Amino acid sequence: MFYNLFAPLGVEWTAFNVFRYISFRSMAALITALVISILVGPRFIAWLRRLKCGQYIHEDVAAHAAKAGTPTMGGLLILFSLSVSLLFWADLANRYIWQTFFVFVGFGSVGLWDDLSKLRHHQNKGISARAKFGAQILVAFCAIWLLWENPAFDSRLTVPFFKSWTLDLGWFYLPFGIFLMVAASNAVNLTDGLDGLAIGPSIIAALVFAIFLYITGNARFSAYLLVPYIPGMGEVTVFCAALAGAGLGFLWFNAYPAQVFMGDVGSLSIGGVLGYLALLCKQELILAVVGAIFVAETLSVILQVGYFRWTGGKRIFRMAPLHHHFELKGVPESKIIIRFWILSILLGLVALSVLKLR
Ligand code: 57M
C-alpha cells in the first residue's frame, strides 16, 4: 500500500523514492510482521485458550505429557501479521504477491479445516487423508495454473551446478509442481512435532528464498549469476521477508517451552508456500537442499513404514519422524531443536553457494 501510495510521489520529492526499493520494503515488512506478532501474541493465545483450542497429546512420547492443553492454531497469528505487513509494504498491483498469498491462504484453509475437525472430535482425529490430500492438490493445481497462464512462465527446470543445462518438463511441469508443493506442505507438517522445530527452518528457508527471488527479479544480478530473469518477481522478496518476520514473532511464543503450537493451519500453509516460492524463482530442485530438514524427517517416516512392512514389524528408528528417534534416545528437546536449526542454517548457506558454483 505504501508503495502504491508514496512511490509515485518520488518524482517530485526524492525522499519518497525509498518506497520504491524492494530491499527497504522487505526490511520494513520483516520488522512490521515481527512486531505485530509479538504485540498481538499474548491476547491471541489467551483467545485460543478461551476457545479451548488445546492440543490433544499422544501418550507414546512421555516427555510430551506436560504439553497437554497448549493451544494450537497459532498459524493464524502468522497469517494475521503476514497479511497486515503485506498490506503495508507490498506492491498490491503485483500478480505474484497475490498468487503467493493465495497459496498461503489456500493451504492454510485446508489446515484450519483439519485443526477444527480435530478439536470437534477431540481424539486428534482430523479430516480424512483423502480429503486433506485432495484439497491440497486442488490448491496447488490452481496456483500452478495461474503461473502457467503467465506469458513469462517457463516449463524448464533449473539444474543446479550447470550453467546452461535445463530440463524442459513441458506439460509434466504441472504434476511436478503439484507434487513439490503438496510434498513440501506435508513435510513441514511432519516436522512440526517439537517446540520451534518447524518454524526455525521455515524462517531460514524464507530468507534464502528472499535472496533467490530478489536476484530473479533483478536484470543485472540475474544475468551475472546466470539465473532466469523474471520481471516483477523481485516483489515476492517482500512476501518472504514478511513471512520470516511473522515466523520469528510466532517463535517468540513457540520457543521451548511453547505457549502455542502452529497447528496444521500453520504447517500446511508454510510448507505449501515454500514449495511455491521454489517454483516462482525457478529453483525447484534447490528446495530439497533449503528444506533438507523437512526432507530428512519425511524420509525417516517413509523408511520406517517401508521397513516395518517389509520385515513384518522391525524398525529402523526408535520412532519416526526423526526428532522422536532422538527424543527416545534421551537427547533433550531443546538440544534437538537447536541442532536442527544449526543444520538448517548450514544447508541454507549451501543452497546459496550453489548460485556461484556453476
Ligand atoms: C503432525 N504433530 C504432532 C500441533 C502442531 C505417518 C506418521 C508419521 C504421522 C505423524 C503425524 O501425525 N505427523 C503430523 C505432527 C503434534 O503437534 C500438533 O500437530 C500440529 C502440526 N500438524 O502444530 O498442533 C504434537 O507434536 C508436539 N509438538 C510440540 N511442539 C510444537 O511446536 O511439542 C508440536 C508442535 C503435539 C506436541 O506433542 O501434540 C504429533 O506428533 O502428533 N505421526 C507421528 O509423528 C507419530 N509417529 C508415529 O506414529 N511413528 C510410527 C510410524 C507411523 C512411522 C513409528 O515410528 O513406528 C508420533 N506422534 C506423536 N507421538 N505425537 C508418535 C509419538
Side-chain angles (χ1 to χ4, degrees), residues 45 48 52-79 107-108 110-119 122-129 132-133 136 183 185-203 247 250-272 294 296-329 332-334 336-338 340-341:
I45 294 169
L48 287 178
K52 305 230 178 317
C53 296
Q55 173 72 42
Y56 168 80
I57 305 284
H58 300 264
E59 282 143 16
D60 12 19
V61 181
H64 284 235
K67 294 171 187 261
T70 307
T72 183
M73 294 199 279
L76 290 173
L77 177 66
I78 301 179
L79 175 63
F107 275 89
V110 181
L112 187 64
W113 180 23
D114 196 29
D115 285 334
L116 292 174
S117 158
K118 277 178 195 160
L119 275 183
H122 301 295
Q123 290 289 310
N124 217 24
K125 269 204 194 93
I127 55 175
S128 70
K132 194 166 172 177
F133 227 48
Q136 285 176 310
S185 176
N186 290 313
V188 173
N189 188 30
L190 283 177
T191 307
D192 190 25
L194 295 180
D195 301 349
L197 189 69
I199 197 66
S202 300
I203 294 166
F250 169 74
L251 181 58
W252 188 272
F253 303 104
N254 182 236
Y256 179 80
Q259 294 157 267
V260 67
F261 299 151
M262 66 168 78
D264 281 34
V265 60
S267 57
L268 296 188
S269 55
I270 292 174
F294 306 127
E297 292 269 30
T298 309
L299 278 181
S300 73
V301 172
I302 296 171
L303 289 174
Q304 179 89 326
V305 174
Y307 192 71
F308 188 88
R309 289 199 184 138
W310 189 46
T311 57
K314 285 192 186 157
R315 287 182 161 84
I316 301 175
F317 305 101
R318 293 200 181 178
M319 189 177 282
L322 200 54
H323 54 264
H324 286 314
H325 172 76
F326 295 117
E327 265 195 303
L328 294 181
K329 278 184 85 172
E333 178 167 350
S334 50
I336 303 172
I337 299 160
I338 293 176
F340 274 45
W341 289 353

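What you see is a predicted model, and the numbers here were worked out from it, not measured in a lab. For ligands, and for the atoms within them, numbers begin at 1 and follow the listed sequence.
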Flag yes if more than 12 heavy atoms outside Trp252 fall under 6.0 Å of its CH2 atom; otherwise flag no. no

In terms of atom number and element, which parts of ligand 1 are under 4.0 angstrom from non-hydrogen atoms of Lys67? 29 (C), 33 (O), 38 (O)

Step-by-step side-chain contact (heavy atoms from CB on, under 4.5 Å) determination, His324 to Gln304: CA-CA 12 Å; His324 286 314; Gln304 179 89 326; over 6 Å; no

Is Asn254 in polar range of ligand 1, meaning some N or O pair under 3.5 Å apart? yes

Intermediate values then yes/no, side-chain contact (heavy atoms from CB on, under 4.5 Å), Phe261 and Lys67: CA-CA 10 Å; Phe261 299 151; Lys67 294 171 187 261; 4.0 Å; yes

Please report the C-alpha distance between Gln136 and Leu268 in whole Å, then the side-chain angles of each, then the deciding distance to 0.1 Å, and finally whether the side-chain contact (heavy atoms from CB on, under 4.5 Å) criterion is met. CA-CA 9 Å; Gln136 285 176 310; Leu268 296 188; 3.5 Å; yes

Relative to ligand 1, is Asp195 under 4.0 angstrom through side chain, backbone, both or neither, heavy atoms considered? both

Non-hydrogen atom of Ala258 closer than 4.0 Å to ligand 1: no

In ligand 1, the atoms that come under 4.0 Å of a heavy atom of Met262 are 23 (O)

Quick look: Thr72 vs ligand 1, heavy-atom contacts under 4.0 Å, and the answer is side chain

Which of the atoms in ligand 1, numbered in the order shown and given with their element, are less than 4.0 Å from a heavy-atom of Gly193? 26 (O), 27 (C), 28 (N), 29 (C), 33 (O), 34 (C)

Checking heavy-atom distances from atom 31 (C) of ligand 1 to each of Tyr256, Phe253, Phe250, Phe261, the winner is Phe261

Determine the minimum heavy-atom distance between Lys118 and Asp264, stating which atoms define it. NZ-OD1, 3.4 Å

Residue selection (non-hydrogen contact nearest atom 35 (C) of ligand 1) among Thr191, Asp192, Leu268: Asp192

Have a look at ligand 1 and work out which part of Asp115, if any, has a heavy atom under 4.0 Å from it: side chain, backbone, both or neither. neither

What part of His64 sits under 4.0 Å from ligand 1 if we count only heavy atoms: the side chain, the backbone, both or neither? side chain

Which atoms of ligand 1 are found less than 4.0 Å from any heavy atom of Arg315? 55 (C), 57 (O)

Contacting atoms of ligand 1, where contact means under 4.0 angstrom from a heavy atom of Asp264: 20 (C), 21 (C), 22 (N)

Using a plain distance cutoff, I'd like to know if Met319 has any nitrogen or oxygen under 3.5 Å from a nitrogen or oxygen of ligand 1. no

Just checking, is any N or O donor in the side chain of Glu327 or His64 under 3.5 Å from an acceptor N or O on the other one? yes

Assess the residue pair Ser267 and Asn189 against the criterion (side-chain hydrogen bond (donor to acceptor under 3.5 Å, both in side chains)); give the C-alpha distance rounded to whole Å, side-chain angles, the decisive distance to 0.1 Å, and a yes or no. CA-CA 5 Å; Ser267 57; Asn189 188 30; 3.0 Å; yes

Walk me through it: do Ile203 and Leu251 pass the test side-chain contact (heavy atoms from CB on, under 4.5 Å)? CA-CA 10 Å; Ile203 294 166; Leu251 181 58; 4.2 Å; yes

Minimal non-hydrogen separation, Leu322 against Ala296, with atom names: CD2-CB, 4.5 Å

Can you find an N or O of Leu190 that's nearer than 3.5 Å to an N or O of ligand 1? no

Taking 4.0 angstrom as the limit and counting only heavy atoms of Val301, give me the atoms of ligand 1 inside it, by number and element. 8 (C)

Does any pair with a residue in residues 303-314 pass salt bridge (Lys or Arg N to Asp or Glu O under 4.0 Å), and if so which ones, sequence neighbours excluded? none

With respect to Arg318, determine whether any N or O atom, backbone or side chain, lies less than 3.5 Å from an N or O atom of ligand 1. no

When you compare ligand 1 with Gly263, is there at least one nitrogen or oxygen pair between them that comes in under 3.5 angstrom? yes

